Structure formats: C-alpha cells, structure tokens
Amino acid sequence: EPELSGDFATLMGWADGVRRLKVRANAETGQDAKMARQFGAEGIGLCRTEHMFFDPDRIAAVREMILADDVAGRRAALAKILPMQRQDFVDLFTIMEGLPVTIRLLDPPLHEFLPHTEEDVAAVSQATGLDAAKLLRRAQELHEVNPMLGHRGCRLGVSYPEIYEMQVRAIIEAACEVAASGRPAPIPEIMHPLVATREEMKFLRELTDRTAREVIAEKGREIEFKVGTMIELPRAAIRAGDLAEQAEFFSFGTNDLTQTTFGISRDDAGKFLGAYVDKGIFEKDPFVSLDQAGVGDLIRIAAERGRAQRPNVKLGICGEHGGDPASIQFCESIGLDYVSCSPYRVPIARLAAAQAAVGEREKDR
Ligand code: PEP
Ligand code: MG
C-alpha cells in the first residue's frame with residue numbers, strides 16, 4: 001500500500017504549512033478513498049456515481065426503470081438499487097471520517113444503460129424477463145446522435161426525478177447510519193451535473209431538500225448537508241449568479257467546460273489536436289493544461305458572479321486540471337477553496353498548492 005514516509009512526508013508537512021488551497025481527491029471506491037487519505041487528501045471533491053451503476057444487478061434495475069410506465073414503476077425498480085447505493089456511501093463516509101464528501105448524482109447519457117443490437121436485447125430480455133420488443137423500442141427512442149450534448153447530467157434528473165430521489169435518499173440514509181454508529185457525522189455535499197440555468201438549479205435544489213428532509217424526519221437524526229452544482233458549461237459560468245441563488249458550492253468541471261468552450265469533443269480531441277500543437281496553433285493540449293485565457297476567464301467570471309450572489313459560496317475544481325501544477329497556481333490566484341484530483345496526484349497538488357501560495361504572497365509584496 002502506498003504511504004508517504006521519511007523525507008517525502010517531511011516535505012509534505014512543510015508544503016501543508018504553507019498552502020492555503022485545500023486538496024481533495026476524486027474517488028468513488030473504498031480503495032481509492034483509502035489511497036486518497038494515505039496521500040493526504042482532505043476530502044473527496046468528486047464521487048462520480050455512474051461508476052457505481054456498472055454492476056449487472058444495477059444495470060438491470062435501471063433498464064427496468066426505463067421501461068416502467070409510471071412513477072410507481074420507476075420507484076419500484078430503483079428501490080432495488082437503493083440498499084447497494086446506500087452501502088456505497090456508508091463505505092465512503094466511514095473511510096473519510098467526517099471529511100467533506102462531494103457526491104455527484106448520475107451523469108451519463110441514459111441510452112448507455114440500454115442494449116442496442118437485437119442480439120443484446122434478446123440476451124437481456126432472457127436474463128431479466130423484460131419485454132424484448134419494449135426494450136428494443138425504448139432503446140431506439142432513447143438513441144442519441146450526440147449523447148454528450150444530449151440526455152445526460154441533470155437532464156436525467158429532470159426527466160426521471162426518481163433516479164436523483166433514490167440517490168439523495170441513499171446519501172442521507174447512509175449519513176444517518178454512519179452518524180448513528182458513533183463515527184464522525186458525515187457532511188455530504190450533493191452535487192448536480194451539467195446544470196445550465198437558474199430554473200434547473202431550483203428544481204434540483206427542491207428535489208434534493210425535499211428528499212433529504214423526508215429521510216431526516218424518518219430517521220429522527222439531523223444531518224448537515226450541502227447542495228451545489230458543477231460548473232461545466234459556458235452558460236453556467238456566465239450565469240453563475242443565478243445558480244448561486246440555490247447552490248451552496250460550485251465545482252468547476254474543466255473537462256466538460258473545455259469541451260464545450262472550444263466545441264471540441266473530449267473523447268476525440270486526440271485525433272487532431274496533435275496537428276494543432278505541432279503547428280504551434282495550440283501551445284498545449286487544453287484538456288491537459290487549463291486554457292487560462294479562455295476557459296480560465298469563464299472560471300474567473302463564474303467565481304466573481306457566484307460570490308456576488310452568495311459571498312461564502314464554496315469553490316473548487318474537479319476536472320483533470322485539478323492535478324496540474326500550472327492550473328493549481330491559477331486556482332490559487334483567483335482564490336478557489338480547493339482542488340480535487342486523482343488520488344495519485346494528491347501529493348503533487350499539495351506541493352503545487354504550497355508553491356502557488358508562496359507565489360501569490362510574493363506578488364502582494
Ligand atoms: C468534468 O467535466 O470536468 C468533470 C469533472 O466531470 P466528468 O469528467 O465526469 O464529466
Ligand atoms: Mg463533466
């Protein structure tokens with residue numbers, strides 16, 4: 001198991017004495033969360049819950065949900081996932097011992113959960129007892145030409161609020177369970193992906209609060225929780241003041257924000273960006289090095305507008321750039337509260353945050 005020791009641990013201790021930015025990790029499994037803590041992460045900045053849905057039983061339940069004809073049917077299907085999802089969060093909260101844990105509700109395009117070819121459909125139908133014709137029809141209806149610009153992120157929570165209700169319930173039930181066992185009370189931060197407008201945020205906040213309060217009343221245990229949003233679309237950045245009316249924190253998703261600002265697919269950029277870099281048109285790959293002139297401007301604007309609406313709005317970054325030293329320096333310069341990166345990059349981020357803090361102090365002299 002990796003652990004920091006000796007001179008390296010001493011160096012880290014010095015860095016921690018200097019830095020202002022908090023350093024969190026992106027993690028969704030107990031194993032990653034443990035590693036994150038060993039490397040000194042001060043919380044989880046992004047738990048991507050979609051990875052928790054790959055288990056065959058859960059995929060089957062989501063398929064059943066998609067095929068259900070009404071709210072009751074959808075709730076019944078999702079109720080099968082609830083205990084497993086609750087346990088996911090119990091595990092994370094237990095490992096994180098009261099440190100902040102930001103849980104992002106389901107993000108991927110819905111059609112990813114459906115079988116696509118007739119063969120797949122037949123296999124799924126046989127395994128699950130779901131109606132093959134209906135399954136195929138629904139898969140065709142939900143098929144998208146541009147899934148990354150489509151039925152994903154909080155749009156799922158708008159079309160199928162039952163999914164987010166189940167997830168919020170799992171989070172708060174897990175927090176109650178951990179607190180009841182006498183371990184440090186978790187402070188979950190519930191985060192909505194791909195939000196663009198005030199009305200979306202309002203809808204999501206109401207759904208989250210209503211569900212959380214329901215669980216809190218049932219369990220008779222007070223849980224502090226926060227509700228916030230990813231900022232990963234240019235519209236969200238520009239209208240951040242609107243979002244801050246309901247969002248207590250922002251987390252900059254610079255992977256999607258880079259994709260949507262440049263209009264370049266994050267999944268296909270590698271096929272042509274090389275030529276841009278070779279010809280000097282791009283100095284660096286913006287998916288690796290934060291484009292401070294463009295994407296960075298949007299982040300700066302969002303931070304200003306968010307703070308103007310809600311002075312104590314908590315601000316962090318959780319895209320790949322959160323583990324990149326130059327980007328961390330930028331985050332320090334605009335006064336973000338934390339960066340979140342892959343567990344392995346946590347030590348680098350701690351050092352970079354210290355260096356950035358020293359740099360900012362020099363500037364002030
Ligand atoms: C992002 O878009 O930067 C982000 C952190 O979310 P994901 O990579 O899961 O889309
Ligand atoms: Mg994203």
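Being a predicted model, the structure only gives us computed values, none of them experimental.
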Quick one about [Y] and [X] (side-chain donor to acceptor, distance below 3.5 Å, no hydrogens or angles considered), yes or no?
X    : Y    : answer
T258 : R266 : no
N255 : Q259 : no
T254 : H321 : yes
Q85  : Q167 : yes

Determine whether [X] and [Y] fall in the same hydrophobic cluster, where Ile, Leu, Val, Met, Phe, Trp and Tyr are linked whenever their side-chain heavy atoms lie under 4.5 Å apart.
X    : Y    : value
L194 : L204 : no
L298 : I231 : yes
M201 : L105 : yes
V71  : L78  : no
L273 : M148 : no

Checking D107 now: which residues fulfil side chain to side chain contact (heavy atoms under 4.5 Å, CB included) with it, not counting sequence neighbours?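 Counting only residues at least two positions away or on another chain, D107 forms a side chain to side chain contact (heavy atoms under 4.5 Å, CB included) with E50, R104, R152, P193.
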
Which pairs pass ring pair (Phe, Tyr, Trp, His ring centres under 6.0 Å) with one or both residues in residues 81-110, sequence neighbours excluded?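 Ring pair (Phe, Tyr, Trp, His ring centres under 6.0 Å) check on residues 81-110 returns no pairs.
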
Considering only residues two or more places apart or on different chains, which pairs with a residue in residues 198-257 satisfy ring pair (Phe, Tyr, Trp, His ring centres under 6.0 Å)?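 Sorted result for residues 198-257: empty, none.
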
For the pair [X] and [Y], find out whether any cationic side-chain nitrogen is under 4.0 Å from an anionic carboxylate oxygen.
X    : Y    : result
D131 : R137 : no
E165 : R75  : yes
E304 : R300 : no
R24  : E189 : yes
E360 : R20  : no
E42  : R19  : yes

What side-chain donor-acceptor pairs closer than 3.5 Å can you find for residues 213-221, not counting sequence neighbours?
unit_1: E214; atom_1: OE1; unit_2: R169; atom_2: NH2; d: 3.3
unit_1: E218; atom_1: OE1; unit_2: R169; atom_2: NH1; d: 3.0
unit_1: E218; atom_1: OE2; unit_2: R169; atom_2: NH2; d: 2.8

Hey, what's the ring geometry for H192 with Y164, parallel, tilted or perpendicular (30° and 60° as the breaks)?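 Ring orientation, 0 to 90° scale: tilted.
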
Would you call the rings of H116 and H111 parallel, tilted or perpendicular, taking 30° and 60° as the class edges? perpendicular

Mind checking ring-ring contact (aromatic ring centres under 6.0 Å, His included) for F330 and listing every partner two or more places apart, or none if nothing turns up?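 Residues passing ring-ring contact (aromatic ring centres under 6.0 Å, His included) with F330: none at all.
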
Any residue meeting ring-ring contact (aromatic ring centres under 6.0 Å, His included) with Y276, in chain and number order, not counting sequence neighbours: F282

Please determine whether side-chain contact (heavy atoms from CB on, under 4.5 Å) holds for the pair L82 and E173, giving the CA-CA distance in whole Å, both sets of side-chain angles, and the decisive distance to 0.1 Å. CA-CA 10 Å; L82 177 65; E173 284 185 359; 4.2 Å; yes

Closest approach of [X] and [Y], non-hydrogen atoms and distance?
X    : Y    : value
I238 : R305 : O-NH1, 2.9 Å
V178 : P184 : CG1-O, 3.9 Å
L207 : T211 : O-OG1, 2.7 Å

Just do the salt bridge (charged side-chain N to carboxylate O under 4.0 Å, His left out) check on D16 and R350 with the steps written out, would you? CA-CA 7 Å; D16 292 345; R350 287 161 72 190; 2.7 Å; yes

Could you go step by step and tell me if E97 and R37 meet the side-chain contact (heavy atoms from CB on, under 4.5 Å) rule? CA-CA 10 Å; E97 296 183 292; R37 289 212 59 191; 2.6 Å; yes

Would V23 and I328 satisfy side-chain contact (heavy atoms from CB on, under 4.5 Å), going step by step from the backbone distance to the final call? CA-CA 10 Å; V23 176; I328 291 171; over 6 Å; no

Under the side-chain contact (heavy atoms from CB on, under 4.5 Å) test against P188, which residue among V168, I223, T102 passes? I223

